[in-house]
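Notes follow once the structure below has been shown.
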Amino acid sequence: YLALVTQEGDKFQATGNALSTAAGRLSYFYGLTGEALSVDTACSSSLVSLVMGSKSIERGDARVCMSFGVNAMIDSRAFVVMSKAGMLSADGRCKTFDARANGYVRGEGCGALLLMEQGKEEVAVGKIVGHAINQDGRSNGLTAPNGPSQVRLIREALNGRSGKEVSNIEAHGTGTSLGDPIEVQAIAESVGVGR
């Protein structure tokens, strides 16, 4: 839930705008029990949440997990900061993996996945066969991934499978002339072998 606050703040500011509270409030509203936590790793939050849920099921800590991802643009100051940092597209057009790429465009969205242990194939719409999380380490900057780290991550997520088995890739897609080529090269090196 969200609470709009005045500049001075009010009694809802501390809880209504805290990421730490969101997971608990959703659990309360839906009557869910068990672990409930918010994850903020910027662009990868939803994916990290999905991996955490998958690992919990694999360890036997849970039989079912719900993974939610939300991006709501409720504070205009974020646009100002990202624009000053040169991260946003000046023309408001996202041109990821295009030679004309000049930044990204922010958008709102919400999604949810219900994860279940194996053996529930009759209701499954997909199967997670590999996952991985890493921090790139040093790179040229916030919008520039570290190529070798990306290659290692993708190979770990492949979990011994061939790149030929991959039909879709969800990429970071920084929308910059520096970050995009690094990401494309990492994908080609790890998934494109033998294609």
* Asked: Any link between Y30 and V70 through a network of hydrophobic side chains (Ile, Leu, Val, Met, Phe, Trp, Tyr) touching at under 4.5 Å?
  -> no
* Structure fact -> When rounded to the nearest 0.5 Å, the distance separating CZ of R59 from OG of S54 is 10.5 Å
* To do: Spell out, as yes or no, whether a donor-acceptor pair under 3.5 Å connects the side chain of S49 to the backbone of S45.
  => no
* Greater than 12 external heavy atoms within 6.0 Å of F97's CZ -> yes
* K127 NZ to M116 CE distance, which is reported to the nearest 0.5 Å -> 13.0 Å
Give the table of side-chain donor-acceptor pairs shorter than 3.5 Å for residues 72-86, with sequence neighbours excluded, one pair per line with atom names and distance.
residue : atom : partner : partner atom : Å
D75     : OD1  : R77     : N            : 3.0
D75     : OD1  : R77     : NE           : 2.9
D75     : OD2  : R77     : NE           : 3.1
D75     : OD2  : R77     : NH2          : 2.7

* **Within 6.0 angstrom of E58 CD, more than 12 heavy atoms from elsewhere** => yes
* Close side-chain approach of R161 to V129, heavy-atom, < 4.5 Å -> yes
* Decide yes or no for L26 and M66: does some side-chain heavy atom of the first lie under 4.5 Å from some side-chain heavy atom of the second? => no
* Asked: Tell me the salt bridge (Lys or Arg N to Asp or Glu O under 4.0 Å) pairs involving residues 85-95, sequence neighbours left out?
  -> D91-K95
* To do: Please name all residues satisfying side-chain hydrogen bond (donor to acceptor under 3.5 Å, both in side chains) with D136, sequence neighbours left out, ordered by chain then number.
  => Q150
* Asked: If you round to the nearest 0.5 Å, how far is CG of N146 from OG of S139?
  -> 6.5 Å
* To do: Indicate the atoms forming the closest heavy-atom contact of V151 with S190, along with that distance.
  => O-CB, 4.1 Å
* Set of side-chain hydrogen bond (donor to acceptor under 3.5 Å, both in side chains) partners for S46, sequence neighbours left out -> none
* Asked: Any side-chain heavy atom of I154 sitting closer than 4.5 Å to one from E189?
  -> no
* Structure fact -> Residue set satisfying side-chain hydrogen bond (donor to acceptor under 3.5 Å, both in side chains) with S44, at least two apart, ordered chain then number -> T41
* Asked: Does M52 belong to the same Ile/Leu/Val/Met/Phe/Trp/Tyr cluster as L115, with side-chain heavy atoms less than 4.5 Å apart forming each link?
  -> no
* Going hydrophobic residue to hydrophobic residue with side-chain gaps under 4.5 angstrom, can you get from L37 over to I133? -> yes
* Asked: Looking at V166 and I169, what are the two nearest heavy atoms and their distance?
  -> CG1-CG1, 3.8 Å
* **Distance-minimising heavy-atom pair for G175 and A101** => O-CB, 3.4 Å
* To do: Keeping the roles fixed (side chain from S89, backbone from V105), state whether a donor-acceptor pair exists under 3.5 Å.
  => no
* Asked: According to the side chain to side chain donor-acceptor pair (under 3.5 Å) rule, which pairs have a member within residues 176-187, sequence neighbours left out?
  -> T174-T176, T174-D180
* Would you check if L50 and H131 make a side-chain contact, meaning some heavy-atom pair closer than 4.5 Å? => no
* Cluster overlap V48 with V51, hydrophobic side-chain contacts below 4.5 Å -> yes
* Distance-only, no hydrogens or angles: does the S38 side chain make a donor-acceptor pair with backbone N or O of L19 under 3.5 Å? -> yes
* Taking all non-hydrogen atoms of both residues, which atom of R106 and which atom of L88 are closest, and how far apart? -> CG-CD2, 3.9 Å
* Asked: Is it true that V64 and L113 fall in one hydrophobic cluster, defined by side-chain heavy atoms closer than 4.5 Å?
  -> no
